[in-house]
Amino acid sequence: MLKHDLRNGRVFEPERTLPVEGEYDVLVVGGGIAGFAAGVAAARAGCKTLIVEQLSMLGGLVTAGLVNIPLDFVCGIGADMFKRLTAVNGLWHRNSDPEKHKLILDRMVLESGCDVLFVTSVVDAIVCGDEIRGVVIENKSGRRAILAKRIIDCSGDADAAFHAGCEVMVGRPGDGIAQACSLEFRLGGVDWDAYNNSELKAKDPKWIDIIEKARAEGDSTWQIENHLNWITHVPGRPEHCGQDEVSICMAHSRNCRPADARDLTRMYLEGREQADQLWKFIQKYIPGFAKSWLVDTGCLLGVRETRRVVGEYIIQGMDIASWAHFDDVVAISRHGYDLHNPDGVGNIKWIKEEIDGKTCYVICHPGSGSASSWDPPGGKEAYTDCKGRKGTDMQFPQHIYYDIPYRALLPVKMDNLLVAGRCLSADFMAQSGCRLIMCCLTMGESAGTAAAMSLAKKVRPRDLDVKELQRQLVANGVDLGQNLR
C-alpha cells in the first residue's frame with residue numbers, strides 16, 4: 001500500500017514503479033468502431049496488436065450506445081462485418097442489432113489474432129522526446145504500463161494524444177461548447193406496419209408538426225427536441241404482428257462539455273429522464289406506438305465530439321461543401337454537415353462563410369438544406385452552394401463524396417502516433433460531417449494498415465509512402481473513390 005501525503009488540502013502521491021503489462025507492435029486506444037478496425041487491420045498485417053477499451057465490449061456507440069445505423073461507404077473490413085451481420089440476421093438495410101453486433105466484432109477481432117483488454121482506462125502517456133512509447137492504464141489489476149512501437153488513438157476523446165501533450169481543439173470556437181449529446185433508447189411492442197402506413201409518416205416524417213401540436217396542448221417534449229432525429233428498425237425481432245422493436249434518437253442534452261466527468265454525469269441522468277418523457281409522448285401521439293414500452297437506454301452516451309487532434313492537415317468546413325479531394329486520401333464520406341445544436345433545439349446542416357465579401361450560408365447538397373431544422377437568417381432561401389450561388393443557380397458535383405486525407409490522422413510534433421475516428425483533425429463544422437460510423441471504421445482500417453506498413457518499412461508513419469499505402473488499402477477492398485474519380 002502506498003502512503004499518500006495530505007498537506008494543505010492537497011494529496012501528494014509517492015513515487016511508484018509501474019509494472020509493464022505488455023509490449024506490442026501496435027497499441028490501439030479505444031475499441032469503438034474505429035479502434036476495432038484499426039486493431040483488426042494491424043493484426044491481419046502480422047503485427048502483435050492490443051486494443052484497450054474502457055467498456056466491456058467493442059463497438060462503442062454502435063453497440064453500447066444503441067446507435068444501430070451504420071451509415072456511409074461500406075468497404076474493406078466494414079464489408080466483411082456487414083456480411084457476417086447479415087449471416088446472423090443482425091442487419092436489415094442499414095439497421096443493425098447491437099447485441100449481435102457485439103458478438104460479430106468479438107469474433108472478428110479474435111480471428112485476426114488481435115489481443116483485447118476490456119474495462120481498462122488509459123490515464124497517461126509515456127513520452128520520450130517526440131515519441132509516444134506507451135500508455136499508463138488503470139483497471140482492476142491496478143496501475144500499469146503498456147509499451148508499443150506504434151499507437152493509434154481511437155478513443156474518440158483523443159485521450160492518448162492529449163496525455164502525450166498533442167495540441168487539440170475542443171468544441172465550438174470561442175466557448176468550447178460541444179454538440180448536443182444524445183442518450184439513445186429502444187421501444188418494444190411497436191406496430192411498425194401501422195406507423196409506416198400512417199398519415200403522420202407520409203406527411204410529417206420528422207414529427208415537427210406533431211411536436212408543435214403537443215406543445216400547444218401543454219406537452220414540454222419540444223424543450224428536448226423539435227424533431228425526430230432518426231428511428232431505426234431492430235432486425236431479428238418479430239415483424240408485422242405489432243411486436244417490432246425500434247431504436248430512437250431524439251433525447252438531447254445541451255451546453256455540453258463531454259470531457260468533464262461532472263457534466264457527463266449530468267447528461268446521463270438527464271438522458272434517462274428525457275427517454276422516459278419521450279417514450280410517453282410517443283406512446284400518446286405517434287400511430288402504432290400505443291402499446292409500446294421502453295426496453296432500455298444506451299449504457300454509453302452519444303457524444304458527438306470532444307477533443308480533436310491538430311494534425312498535419314485540419315479538414316475545413318468548406319472542404320465538405322466543395323466535396324474536396326486530396327492526393328493522400330485514405331477514406332471517403334458522403335455525409336454533409338450534421339451539427340446537433342449546442343444551445344437549443346434543432347440541427348444545423350449549413351455553415352456560415354464569407355464568399356467574395358458576402359456572408360453566405362453554405363450547404364453541401366440540396367437535401368441538406370431541407371433537412372436542417374434550424375435555419376439561418378433569411379430562412380431556406382438564404383442557402384448557397386460553395387461558390388455563393390443561390391436557388392436554381394446552385395451547382396453540386398455528380399459524384400457527391402469528399403476525402404479524408406492521411407495527414408488528418410497524423411498529429412503534429414508527435415511521432416509513431418496516429419488517430420482515427422471522431423477525434424481526427426477537423427474543424428468544428430467539418431467534424432460534424434465526417435464522424436459517421438462507417439467513415440470512422442475506414443479511418444481505423446487505414447490507420448491500422450499504415451501503422452503496420454510503417455513498422456515493416458522502418459519509417460515514421462508520417463514518412464510512409466502514401467501511394468503505397470493507398471495501393472494496399474485498395475487491395476484490401478477499401479473504397480478510396482477509385483471507381484468515382
Side-chain donor or acceptor of [X] paired with backbone N/O of [Y] under 3.5 Å:
{"X": "D403", "Y": "P405", "answer": "no"}
{"X": "D385", "Y": "Q395", "answer": "yes"}
{"X": "H365", "Y": "G367", "answer": "yes"}
{"X": "D260", "Y": "R257", "answer": "no"}
{"X": "R144", "Y": "P19", "answer": "no"}
{"X": "E131", "Y": "I126", "answer": "no"}
{"X": "Q274", "Y": "H252", "answer": "yes"}

task: Report yes or no: is the cationic atom of R334 (NZ for Lys, CZ for Arg) closer than 6.0 Å to the six-membered ring centre of F73, at no more than 45° off its axis?
output: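 Output yes; distance and angle both within limits.
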
query: salt bridge (Lys or Arg N to Asp or Glu O under 4.0 Å) between D338 and K349: does it pass, once the steps are laid out?
result: CA-CA 5 Å; D338 189 13; K349 297 182 181 290; 3.1 Å; yes

Quick check for you: to the nearest 0.5 Å, what is the distance between [X] atom [atom1] and [Y] atom [atom2]?
{"X": "F185", "Y": "L66", "atom1": "CZ", "atom2": "CG", "answer": "10.5 Å"}
{"X": "E354", "Y": "C360", "atom1": "CD", "atom2": "SG", "answer": "7.5 Å"}
{"X": "H101", "Y": "D106", "atom1": "NE2", "atom2": "CG", "answer": "10.5 Å"}
{"X": "S432", "Y": "Q179", "atom1": "OG", "atom2": "CD", "answer": "5.5 Å"}

message: The test is salt bridge (Lys or Arg N to Asp or Glu O under 4.0 Å); show your working for R172 and D343 and say whether it passes.
response: CA-CA 11 Å; R172 181 172 57 188; D343 305 310; 2.8 Å; yes

message: Please tell me whether F326 and Y313 form a close aromatic pair, meaning their ring centres lie under 6.0 Å apart.
response: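 They qualify: ring centres under 6.0 Å apart.
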
[X]-[Y] side chain donor-acceptor pair, cut-off 3.5 Å:
{"X": "Q431", "Y": "D427", "result": "no"}
{"X": "Y268", "Y": "D263", "result": "no"}
{"X": "S333", "Y": "Y401", "result": "no"}

Between the side chains of [Y] and [X], is the shortest nitrogen-to-carboxylate-oxygen separation below 4.0 Å, so that they form an ion pair?
{"X": "K467", "Y": "D328", "answer": "no"}
{"X": "R254", "Y": "E270", "answer": "no"}
{"X": "E468", "Y": "K457", "answer": "yes"}
{"X": "D80", "Y": "R84", "answer": "yes"}
{"X": "R422", "Y": "E305", "answer": "no"}
{"X": "D25", "Y": "K48", "answer": "no"}

Contact between [X] and [Y] at the side-chain level, heavy atoms closer than 4.5 Å - yes or no?
{"X": "V234", "Y": "W92", "result": "no"}
{"X": "W230", "Y": "V67", "result": "yes"}
{"X": "F118", "Y": "L55", "result": "no"}
{"X": "C434", "Y": "L424", "result": "yes"}
{"X": "M169", "Y": "V310", "result": "yes"}
{"X": "Y24", "Y": "T49", "result": "no"}
{"X": "M267", "Y": "V303", "result": "no"}

Are there more than 12 heavy atoms of other residues, nucleotides or ligands under 6.0 Å from atom [atom1] of [X]?
{"X": "K102", "atom1": "NZ", "value": "yes"}
{"X": "Y361", "atom1": "OH", "value": "yes"}
{"X": "D327", "atom1": "CG", "value": "no"}
{"X": "E99", "atom1": "CD", "value": "no"}

Could you pull out the closest heavy-atom pair between [X] and [Y], with the gap in Å?
{"X": "V74", "Y": "R94", "value": "CG2-NH2, 3.0 Å"}
{"X": "A259", "Y": "T306", "value": "N-CG2, 3.9 Å"}
{"X": "C423", "Y": "D153", "value": "SG-O, 3.7 Å"}

- request: Begin from the C-alpha positions of T120 and N139 and carry the test side-chain hydrogen bond (donor to acceptor under 3.5 Å, both in side chains) through to its verdict.
  value: CA-CA 5 Å; T120 299; N139 56 24; 3.0 Å; yes

message: So, applying side chain to side chain donor-acceptor pair (under 3.5 Å) with R186, which one of T297, D296, N68 is it?
response: D296

message: For R307 and D157: C-alpha separation, side-chain torsions, deciding distance, then whether salt bridge (Lys or Arg N to Asp or Glu O under 4.0 Å) applies.
response: CA-CA 5 Å; R307 307 184 192 104; D157 299 321; 5.6 Å; no

message: side-chain hydrogen bond (donor to acceptor under 3.5 Å, both in side chains), that's the test. Do Q472 and N476 meet it? Break it down for me.
response: CA-CA 6 Å; Q472 185 61 58; N476 293 345; 3.1 Å; yes

message: Applying the side chain to side chain contact (heavy atoms under 4.5 Å, CB included) criterion to I332, which one of H325, R485, H399 satisfies it?
response: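 For I332, the side chain to side chain contact (heavy atoms under 4.5 Å, CB included) check succeeds only for R485.
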
field: Among V109, L110, L103, L105, side chain to side chain contact (heavy atoms under 4.5 Å, CB included) partner for R107
entry: L103

message: Using side-chain hydrogen bond (donor to acceptor under 3.5 Å, both in side chains), reason through E184 and S247 one step at a time and then give a plain yes or no.
response: CA-CA 7 Å; E184 316 306 329; S247 274; over 6 Å; no

message: Between K413 and E167, does the salt bridge (Lys or Arg N to Asp or Glu O under 4.0 Å) criterion hold? Intermediate values first, please.
response: CA-CA 9 Å; K413 300 178 183 178; E167 185 180 355; 5.8 Å; no

